[in-house]
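Note sheet for the following structure.
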Amino acid sequence: MLTINNISKTFFPGTINEVQALRNVSLQIKEGSFTAIIGTNGSGKSTLLNAIAGTFIPDEGSIKIDGTEISRWPEFKRARMIGRVFQNPFAGSAADMTIAENIVMAMRRGQSRPLKIAVHKSIKEAIAEKVQMLKMGLEDRLDNPIGTLSGGQRQALTLLMATWLKPKLLLLDEHTAALDPKSAAKVAELTKIIIERENLTALMVTHSMQQAVDLPDRIVMMHRGQIVEDLHDEMKQRVRVPDLLETFNIIQKRELFDESVARLMKEQYV
Amino acid sequence: MNLVIGAFTIGLILSLLSLGMLISFKMIKFTDITVDGSITLGASLTAVLIATGWNPWLATLMAFFAGSLAGAITGVLHTKFKIQEILAGILMMTALYSINLRIMGRSNIPLLDTGSVSSQAEQLLTTVSGGADKMNVFGWDVPVADLGALISSLVLSVLLAIVLNYFLKTHFGTVLRATGNNPQMVRAQGVNNNTMVVFSLALSNGLVALSGAILAQYQGFADVQMGIGMMVWGLASIIIGEALVGKSSIGMTITGAILGTILFRLLIAIALRWGLNPNDLKLVTAVFVFLALVAPSMFKNLGKRLQKVRSHANNQ
């Protein structure tokens with residue numbers, strides 16, 4: 001489905017602030033799989049997601065969805081294939097516009113925008129029906145500006161919008177991180193339900209180990225712009241939060257030494 | 001009464017400018033100074049075309065296209081060449097000053113005894129009144145020419161308001177409105193937000209130039225200086241309209257912009273009648289817009305402070 005081949009990205013090259021955000025990252029995602037990307041701050045997990053979404057063009061490497069090379073496509077063109085939920089609950093919807101108007105825009109993601117009235121009665125009924133599944137009572141407030149809702153409600157709606165037209169790939173960028181614990185749990189639950197029901201292919205960046213263990217069927221761990229661990233199938237089934245923390249510890253200890261020393265120690269002791 | 005009819009007519013004509021600015025300033029949140037140049041562009045182009053014998057309606061339509069082109073260039077300067085929006089507008093406005101002089105060949109062109117977009121309305125009224133050049137309206141004698149201009153500008157601005165209202169509610173118009181609100185979200189929905197900005201500025205300046213074209217025909221001349229300060233006037237009108245009708249829906253926002261423009265023209269007419277020096281008009285307008293922009297947050301702060309003082313007093 002998604003094939004990432006050796007992509008690299010350096011921000012601010014040639015300056016003091018030079019950051020090698022991605023270093024030769026390769027990753028294959030199977031159709032219908034749900035993968036979590038975890039890692040420390042600055043490990044490149046969000047950068048990887050942004051490279052797929054098209055926020056920037058990678059320096060090298062290729063990104064293919066179903067065999068189509070998309071790594072040079074602008075962000076808006078990739079939206080045909082990709083649905084996104086952002087970390088910032090306010091980033092995924094237009095605050096001054098109503099719930100119905102926001103959803104109606106998502107109903108034509110990546111399609112033409114004809115000169116026909118967008119929000120009318122029958123569309124509103126269809127929207128209300130689907131919004132009901134969120135169980136937030138929003139179906140009665142379709143004409144309210146979406147900016148009047150809470151972060152959790154907006155994030156739930158953004159999730160619904162991103163998946164309204166089945167995307168080839170769903171990108172979730174720490175989408176519960178900015179929410180209070182109760183809303184975060186609710187949105188996480190909705191994420192699981194929607195992904196399972198629609199049989200979506202999803203990639204989720206998360207800072208929560210528990211979420212990485214509970215929701216997806218594969219965990220990819222990143223560190224310093226590289227993929228350092230890839231847990232799937234049986235290994236993923238067995239892994240628990242303490243195991244992940246332990247892996248982080250080992251990686252960070254390795255950091256304390258020079259890379260060559262680390263390799264030496266790994267060969268002798270591991 | 002003639003004063004009121006004049007203010008109403010100019011208000012209705014300039015309401016097209018306000019509608020145009022509604023798209024740039026309110027919908028895509030772009031502070032566009034091209035307006036000062038494109039209203040003159042519309043006026044000068046129409047004046048030249050009508051003077052050379054074009055049909056007034058066709059000349060007015062050409063003004064719309066010329067204005068759209070100017071707006072589109074401002075949009076490209078901003079989106080493609082990454083020039084700040086204010087500077088992109090200033091560049092286009094400055095360029096338009098020379099272009100307008102080139103179009104007219106001199107600094108102004110009179111339009112006397114030529115047809116205009118209100119000719120048909122005048123003819124109709126003359127037939128209705130049986131050939132008299134004045135008509136009785138609610139007890140006042142009003143020249144047929146003035147009444148014709150009022151009616152045609154009313155019809156035109158109402159028609160355009162209806163079309164704009166419909167357009168902004170379509171799928172395309174909905175995304176246009178979202179572009180000013182959240183460009184990131186628009187991109188995530190598969191729409192190129194830069195294209196939307198260029199299109200919106202083209203539409204906006206097209207309407208502004210249309211307003212200039214009709215204004216030139218109404219006042220009987222086009223002048224290269226006529227656009228100075230027009231953008232601030234448009235802003236003032238939009239702000240008054242918002243205070244008047246609110247912005248609960250697109251229809252209300254549009255109605256507000258039109259009513260605001262008319263009210264603003266009436267206020268100006270009254271102020272001038274009371275002896276305001278016409279030279280001070282732009283200063284007064286600028287101060288008014290400043291106050292209107294600052295007042296809401298000032299009131300909010302004042303309210304908070306009062307609340308604090310009150311709760312403090314209650315605690316003691």
Side-chain angles (χ1 to χ4, degrees), chain A residues 50 53-55 73-98 100-120 123 143-147 154 157-159 161-165 167 170-171 173, chain B residues 22-30 75-76 79-80 82 160-200 202-203 238 242 246-254 256 296:
Chain A
N50 287 337
T55 314
W73 284 15
E75 196 179 351
F76 71 89
K77 199 175 167 189
R78 298 189 203 188
R80 261 182 235 164
M81 303 182 171
I82 296 173
R84 285 164 82 185
V85 184
F86 305 90
Q87 178 174 9
N88 180 350
F90 307 136
S93 46
D96 294 346
M97 301 176 71
T98 66
E101 284 171 333
N102 271 285
I103 291 180
V104 119
M105 281 190 271
M107 288 165 84
R108 294 192 151 263
R109 176 171 47 77
Q111 299 179 353
S112 68
R113 311 272 168 180
L115 291 175
K116 284 185 204 145
I117 292 291
V119 179
H120 51 75
I123 277 195
D143 287 326
N144 291 17
I146 213 165
R154 275 182 85 168
L157 281 172
T158 308
L159 183 66
M161 284 163 64
T163 54
W164 197 285
L165 294 181
L170 176 66
L171 298 180
D173 186 2
Chain B
L22 206 61
I23 297 170
S24 59
F25 191 70
K26 283 284 165 191
M27 304 289 165
I28 58 163
K29 311 240 157 64
F30 191 108
V76 170
T79 56
K80 183 90 187 162
K82 312 282 174 223
L160 280 169
I162 291 171
V163 171
L164 189 63
N165 182 43
Y166 176 86
F167 169 73
L168 288 173
K169 285 180 179 166
T170 62
H171 288 281
F172 190 87
T174 308
V175 177
L176 186 150
R177 284 184 288 135
T179 305
N181 220 243
N182 187 348
Q184 168 68 75
M185 179 259 189
V186 167
R187 280 197 299 276
Q189 300 307 331
V191 174
N192 187 345
N193 56 316
N194 286 339
T195 313
M196 295 310 285
V197 168
V198 174
F199 176 86
S200 304
L203 180 62
I238 290 175
E242 220 165 67
K247 44 177 180 178
S248 53
S249 71
I250 304 163
M252 290 303 254
T253 315
I254 290 176

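First the proteins, then the strands, lettered A, B, ... as listed; each starts at 1.
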Output a table of donor-acceptor pairs, distance under 3.5 Å, between side-chain atoms of residues 80-91 of chain A and any protein atom two or more places apart or on a different chain; print 'none' if there are none.
| unit_1 | atom_1 | unit_2 | atom_2 | d |
| --- | --- | --- | --- | --- |
| A:R84 | NH1 | A:E75 | OE2 | 2.8 |
| A:N88 | OD1 | A:F90 | N | 2.8 |

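Interface residue A:M161: only side-chain heavy atoms are found under 4.5 Å from chain B. Neither the backbone nor the side chain of A:D143 comes within less than 4.5 Å of any heavy atom in chain B.
The OH atom of B:Y166 sits 5.0 Å away from atom CD1 of A:I117, with the distance rounded to the nearest 0.5 Å. Atom OG1 of A:T55 is separated from atom CD of B:Q184 by 6.5 Å, given to the nearest 0.5 angstrom.
Applying the side-chain hydrogen bond (donor to acceptor under 3.5 Å, both in side chains) definition to pairs two or more places apart or across chains, none involves residues 103-119 of chain A.
Heavy-atom pairs under 4.5 Å with chain B peak, among A:P114, A:A162, A:A79, at A:P114. Counting heavy-atom pairs closer than 4.5 Å to chain A, the top residue among B:V186, B:V175, B:N181 is B:N181. Interface remark: of the candidates A:M105, A:K77, A:R78, A:M105 forms the most heavy-atom pairs closer than 4.5 Å to chain B.
Within a 6.0 Å radius of CE in B:M252, no more than 12 heavy atoms belonging to other residues, nucleotides or ligands are found.
Comment: B:K247 does not engage A:D96 in a salt bridge, judged by the lack of any side-chain N to carboxylate O separation of less than 4.0 angstrom.
The nearest pair of heavy atoms linking B:T170 to A:L115 is CG2-C, 3.5 Å. Considering every non-hydrogen atom in both A:G92 and B:M185, the closest pair reads O-CG, 3.2 Å. Closest heavy-atom contact between A:F76 and B:V191: CB-O, 3.4 Å. Looking at every heavy atom in both residues, A:A106 comes nearest to B:Q189 through CA-OE1, 3.2 Å.
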